[in-house]
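As a basis for the values below, the full set of heavy atoms in this structure was taken, side chains included, without hydrogen atoms, waters or symmetry mates. All residue numbers in this chain count up from 1 along the given sequence. Remember, predicted model here, so these are calculated numbers, not experimental data. Counting starts at 1 for both ligands and their atoms, in listed order.
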Amino acid sequence: MPYTELNLDLTEEHRLIKREVHDFAVEVLRPASLELDKMSPEDVTRKGSPYWQCMAQAYRNNYHTVLISDEYGGLGLDPLGVHIFWEELSYGSVGFAVSLGCSCFSSFYATLLCDDYLIEKFVLPFVNCKDASVMSCWGITEPAHGSDNLMTGTPFFRDPCACQEVRAVKKRGKWVLNGQKSAWVSNGPIASDAALFVNLDPGMGFAGGGIALVDLNQKGISRGKPLNKMGQRELPQGEIFFDDAVCPDEHMIIDPESYEAITELTLGHANATMGAYFTGVAQAAYDMAMEYSRDRVQGGKPLCQHQMVQSRLFDMFIAIETARAFSRSAMVFNMNTTPPLVQYSIASKVYCTEAAFKVTSEAVQLFGGHGLTKDAPVEKLFRDARAGMIEDGSNDSLSLAAGEMLLREVQ
Ligand SMILES: Cc1cc2nc3c(=O)[nH]c(=O)nc-3n(C[C@H](O)[C@H](O)[C@H](O)COP(=O)(O)OP(=O)(O)OC[C@H]3O[C@@H](n4cnc5c(N)ncnc54)[C@H](O)[C@@H]3O)c2cc1C
């Protein structure tokens, strides 16, 4: 039984979306994610699997258009509504929430640039898709470049000692792409297109990058085996290889002039979303722990009647409420601010993923031995939360980048 949240300033529309997405997450996504958790990554990605059934249902509900305005047929939610949407979806399954979030990547850039051609090409087919066959991904991480891809604002980002290894070279009016993105690309094995972060000018280091919107169903592109990992197993991830693949000139949407700023803006948006995702994960673990502590009897009374259990639940409650209040503020502020103050989004990501890790770990502790078994859903939440501290940038390296941003602001 969820407790009464501090839902200040929610409109009737916010309450409606909260209830609707919560019910979908609990009734559809959570049972499917528990089933997918036990399956091999190949079976998860196979057509007709519970993954595809749930994604198709989410698309039919128009949930894939959460970041698209109603002008183009999207859900048209305000920033607080977007936060509520992601938090509630992740309450049922953070892996599905990440997959749906990544499916928006190309259309996010197309709407950001307000370019009619790109909207026609990337937004409308995505909005009109009802079976999840139009799906994007964020191709940034490479086997040799993880954290360093995201160190915007630091001197290292502009140092020619290192740069993205997926190269785009212009030949006869088209961009030719070569190289490999790592197995960590969410939706990598199944996406129909990618927002691909490439290098255009190695002499500028990472700052010499560009962003290309690339059709992944073309000659010259192949995929690796879906990744077998510890947490968020319902989320398909895998390598993408580029061997003389091509991209029309109009699809190279960002060049070195704005690459660092757009990478930072992307991080600002993605990390704020991570704050919302992991508040949902923490809330789910708390609710399960509370329910279990009321049912399980030890020492002649329910666990929740023992003072130390009450104290543990209260600490979990503080962590969740702080995560929710801060991540809502960070997302609302940064979705309304250009350019965003990315340090707030990073702070939200770091704080909320660590809060989720703490809360899910405490939930496992409260379940006792049962919490370590595959029959207890908190065991999965604990693994899902652990992945969050590395996903979208490891918390350590994001903190280094954010530290530089704090200094930049006062110079
Ligand atoms: C669930 C999940 C989903 C993901 N989804 C995507 C996706 O959709 N698209 C995509 O492209 N990528 C994705 N990633 C990749 C993710 O962004 C990278 O894993 C992350 O940036 C870290 O890179 P890495 O794994 O190569 O670790 P590394 O960069 O090799 O880091 C290893 C360790 O060294 C530390 N470290 C690195 N550099 C420094 C430094 N300068 N100073 C101090 N310590 C340092 C790190 O903090 C970390 O602890 C995902 C990852 C996960 C776990």
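With a 4.0 Å cut-off on non-hydrogen atoms, Q232 touches ligand 1 through its side chain and not its backbone. Counting heavy atoms closer than 4.0 Å to ligand 1, residue N395 contributes nothing at all.
Remark: atom 10 (C) of ligand 1 lies closer than 4.0 Å to at least one protein heavy atom. Under the 4.0 Å distance rule, the nearest protein heavy atom to atom 32 (C) of ligand 1 falls outside the cut-off. Under the 4.0 angstrom criterion, atom 47 (O) of ligand 1 counts as having a protein heavy-atom contact. Shown here, atom 38 (N) of ligand 1 is in close reach of the protein: a heavy atom of it lies under 4.0 Å off. The presence of a protein heavy atom under 4.0 Å from atom 35 (C) of ligand 1 is ruled out.
Summary of contacts: the protein heavy atom closest to atom 12 (N) of ligand 1 is T141 OG1, 2.7 Å. Regarding atom 6 (C) of ligand 1, its nearest protein heavy-atom neighbour is W184 O, 3.0 Å. Here the heavy atom of the protein found nearest to atom 5 (N) of ligand 1 is S186 OG, 2.8 Å. Distance from atom 27 (O) of ligand 1 to its nearest protein heavy atom, with residue and atom name: S147 OG, 4.1 Å. Of the protein's non-hydrogen atoms, I390 CG2, 4.4 Å is the one closest to atom 25 (O) of ligand 1. Of the protein's non-hydrogen atoms, S397 CB, 4.7 Å is the one closest to atom 45 (C) of ligand 1. Atom 23 (O) of ligand 1 has as its closest protein heavy atom G146 CA, 3.2 Å.
Atom CD1 of I84 is separated from atom CD of E87 by 8.0 Å, given to the nearest 0.5 angstrom. The CG atom of N334 lies 9.5 Å from the OG1 atom of T338; values are rounded to the nearest 0.5 Å. How far CD of Q283 is from CD of E5: 5.0 Å, rounded to the nearest 0.5 Å. Distance check: F105 CZ to C137 SG gives 9.0 Å after rounding to the nearest 0.5 Å. Expressed to the nearest 0.5 Å, how far CG of N187 lies from OG of S99 amounts to 3.5 Å.
Each of the atoms 10 (C), 11 (O) of ligand 1 lies under 4.0 Å from some heavy atom of I140. Of all the atoms in ligand 1, the ones that sit under 4.0 Å from a non-hydrogen atom of D396 are 47 (O), 49 (O). If you number the atoms of ligand 1 from 1 as listed, the ones under 4.0 Å from a heavy atom of D392 come out as 17 (O). Residue-ligand proximity, W138 to ligand 1, at heavy-atom distances under 4.0 Å covers atoms 7 (C), 8 (O), 9 (N), 10 (C), 11 (O). Below 4.0 Å from some heavy atom of V185 lie the following atoms of ligand 1, by number and element: 7 (C), 9 (N), 11 (O). Shown in contact with L400 at under 4.0 Å from a heavy atom are these atoms of ligand 1, numbered in order with element: 40 (C), 42 (N), 43 (C).
Partners of K121 according to the side-chain contact (heavy atoms from CB on, under 4.5 Å) rule, which considers only residues two or more places apart in sequence or in another chain, are Y117, H251.
Contact analysis puts Q237 in contact with ligand 1, with a non-hydrogen atom separation below 4.0 angstrom.
Salt bridge E239/K181: absent, no basic N to carboxylate O contact under 4.0 Å.
Across all non-hydrogen atoms, the minimal contact from N149 to E142 is ND2-N, 4.2 Å. Among all heavy-atom pairs drawn from A97 and S90, the shortest one is CB-OG, 3.4 Å.
In this structure, the ring of F122 has its center no less than 6.0 angstrom from the ring center of Y109. Remark: aromatic rings of F197 and Y259 are close, center separation under 6.0 Å.
Geometric assessment of R158 against the ring of F206 yields a negative cation-pi assignment under the 6.0 Å and 45° thresholds. Seen from the ring of Y91, R30 counts as a face-on cation partner, given the 6.0 Å and 45° thresholds.
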